[in-house]
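A quick note: this is a predicted structure, and the numbers were derived from the prediction, not measured.
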Amino acid sequence: MSTSVLFDVPGPKTRARHRIYTVVAWVALVAVIAAVLMRMSSTGQLAYAKWEPFVTPSYISALLVDGLLKTLQMAFSSVVAAVLFGVVFGIGKLSDHAWLRWPCWAVVEFFRAVPVLLMMIYIFFAFGAGEGGIGSYWSVVIALTLYNGAVLAEVFRAGIQAVPAGQGEAAYALGLRKSQVMMQILMPQGVKIMLPSIISQCIVALKDTSLGYVILAPGLTRVGKSIFLEFQNQVQTAIVLAAFYILVNLALTWIATWAQRKFVGEKAVLVTDGGDRSGTAGFQI
């Protein structure tokens, strides 16, 4: 029996119960999938004509180039700008000067509170539509920058404050200025703590690009709309677009997990028995 503090190794009855739960869950999942497929078959949703565009090279190219690539470009642009926004306003909220701290607080709280969809629509009709406007692409990028930047500002503030106070005090004792303490001591340590949250926010930004559909922004949803209007295959298009988003988000999730283990220092197996490093008796996290 393991001497783990936080986790007891299940006994024979518990393991048997877990096996039953697993079998029941798999049976239920297979039943749901079978029911969905039967329903789609009875309504003609599995007909080849409705799936044809997704095996046609020209449509696949449109989905990858005009859809996925544009979506990734919007997400990347907004994430880079949001990180800069978050650093500036996150540090601004920690300022000792009230004239700087309170305006930063107001900006962050405002853009965190306004729904990103409303912000996207407002920016588009105020600055994006018409001749000489910035267009739907940049309307989406700016809206995502403001919203995700406000969220990241709180992440940066919390990450910096999570660094032990002694680190900053020791730096001040060595004669470093406040800007040096922030940029050379607190920020590098804080980033290690913030990194998983920052990458998770990237996933949110990527998914929110789909909201650009309402202002006809380029991306997967716009290409998908063109396809289902031509082939009348809304269900099939939604399934394919969801698969694209799931695959990209799985890749980002893998990166976040890797970054957390590498930079935050979290290990695959936390040994709690004081000496056994085989992983068989440890607590897995």
Side-chain angles (χ1 to χ4, degrees), residues 25-79 114-125 128-130 133-145 147-148 200-254:
W26 274 106
V27 170
L29 180 62
V30 171
V32 169
I33 294 174
V36 171
L37 291 176
M38 290 174 63
R39 175 65 178 169
M40 292 180 67
S41 177
S42 64
T43 56
Q45 298 298 330
L46 296 181
Y48 175 76
K50 291 185 178 294
W51 293 93
E52 184 180 4
F54 307 113
V55 293
T56 303
S58 58
Y59 288 100
I60 294 174
S61 175
L63 280 169
L64 293 177
V65 177
D66 298 329
L68 183 60
L69 184 59
K70 288 291 184 184
T71 295
L72 292 176
Q73 287 176 344
M74 284 194 294
F76 180 77
S77 302
S78 61
V79 165
V114 177
V116 66
L117 178 60
L118 293 182
M119 204 181 309
M120 208 174 284
I121 295 172
Y122 173 77
I123 292 173
F124 177 70
F125 285 105
I134 60 175
S136 56
Y137 178 96
W138 288 108
S139 298
V140 172
V141 171
I142 293 173
L144 293 179
T145 296
Y147 174 73
N148 291 289
S200 296
Q201 199 61 34
C202 296
I203 296 175
V204 174
L206 174 68
K207 291 191 298 183
D208 284 350
T209 57
S210 63
L211 298 176
Y213 176 84
V214 299
I215 56 173
L216 300 178
L220 279 171
T221 49
R222 182 170 177 177
V223 175
K225 181 180 180 181
S226 301
I227 292 176
F228 76 68
L229 287 178
E230 181 178 353
F231 292 89
Q232 296 300 309
N233 57 349
Q234 290 90 335
V235 174
Q236 294 75 11
T237 303
I239 292 174
V240 172
L241 296 190
F244 275 110
Y245 279 106
I246 291 171
L247 290 175
V248 175
N249 283 330
L250 284 176
L252 288 175
T253 301
W254 180 84

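Put simply, the side chain of Thr71 gets close to the backbone of Leu220: a donor and an acceptor are under 3.5 Å apart. At least one donor-acceptor pair under 3.5 Å links the side chain of Ser42 to the backbone N or O of Met38.
Counting all heavy atoms, side chain and backbone alike, Leu37 lies closest to Leu46 at O-CD1, 3.8 Å. Taking both residues in full, the closest heavy atoms of Gly224 and Leu241 are given as CA-CD1, 4.0 Å, listed atom of the first, atom of the second, then distance. Nearest heavy-atom pair, Ile215 versus Ser136, reported as atom, atom and distance to 0.1 Å: O-CB, 3.3 Å. Residues Leu216 and Arg222 approach most closely at O-NH1, 2.8 Å, considering heavy atoms. Residue Cys202 comes nearest to Val79 through the heavy atom pair SG-CG1, 3.4 Å, listed as atom of the first residue, atom of the second, then distance. Taking all atoms of both residues into account, the shortest heavy-atom contact from Tyr137 to Pro218 is CD1-CG, 3.8 Å.
The shortest distance between side-chain heavy atoms of Thr209 and Val141 does not fall below 4.5 Å. Put simply, the side chain of Met120 reaches to within 4.5 Å of the side chain of Leu144, judged on heavy atoms. The closest side-chain heavy-atom distance from Met40 to Ile239 is below 4.5 Å. Counting only heavy atoms from C-beta outward, the side chains of Trp138 and Ile123 never approach each other to under 4.5 Å. Counting heavy atoms from C-beta outward, Val240 and Ile227 have side chains that stay 4.5 Å or more apart.
Annotation for Tyr147: atom OH does not count as buried by contact number, only 12 or fewer foreign heavy atoms lying within 6.0 Å.
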Using the side chain to side chain contact (heavy atoms under 4.5 Å, CB included) rule, take Leu72 and Leu206 through it: C-alpha gap first, then chi angles, then the decisive distance, then the call. CA-CA 7 Å; Leu72 292 176; Leu206 174 68; 4.0 Å; yes
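Considering only residues two or more places apart in sequence or on other chains, Thr237 meets the side-chain hydrogen bond (donor to acceptor under 3.5 Å, both in side chains) condition with Asn233. Considering only residues two or more places apart in sequence or on other chains, Tyr213 meets the side-chain contact (heavy atoms from CB on, under 4.5 Å) condition with Thr221, Lys225, Phe228.
The side chain to side chain donor-acceptor pair (under 3.5 Å) analysis of residues 43-61, with sequence neighbours excluded, yields the pairs Gln45-Gln236, Tyr59-Glu230.
Interatomic distance, NZ of Lys207 versus CG of Leu252, reported as 11.0 Å (0.5 Å rounding). Atom OH of Tyr122 sits about 12.0 Å away from atom CG of Leu118, to the nearest 0.5 Å. Expressed to the nearest 0.5 Å, how far OG of Ser139 lies from CE of Met74 amounts to 11.0 Å. Distance check, rounded to the nearest 0.5 Å: CG of Leu68 to OH of Tyr245 gives 8.5 Å.
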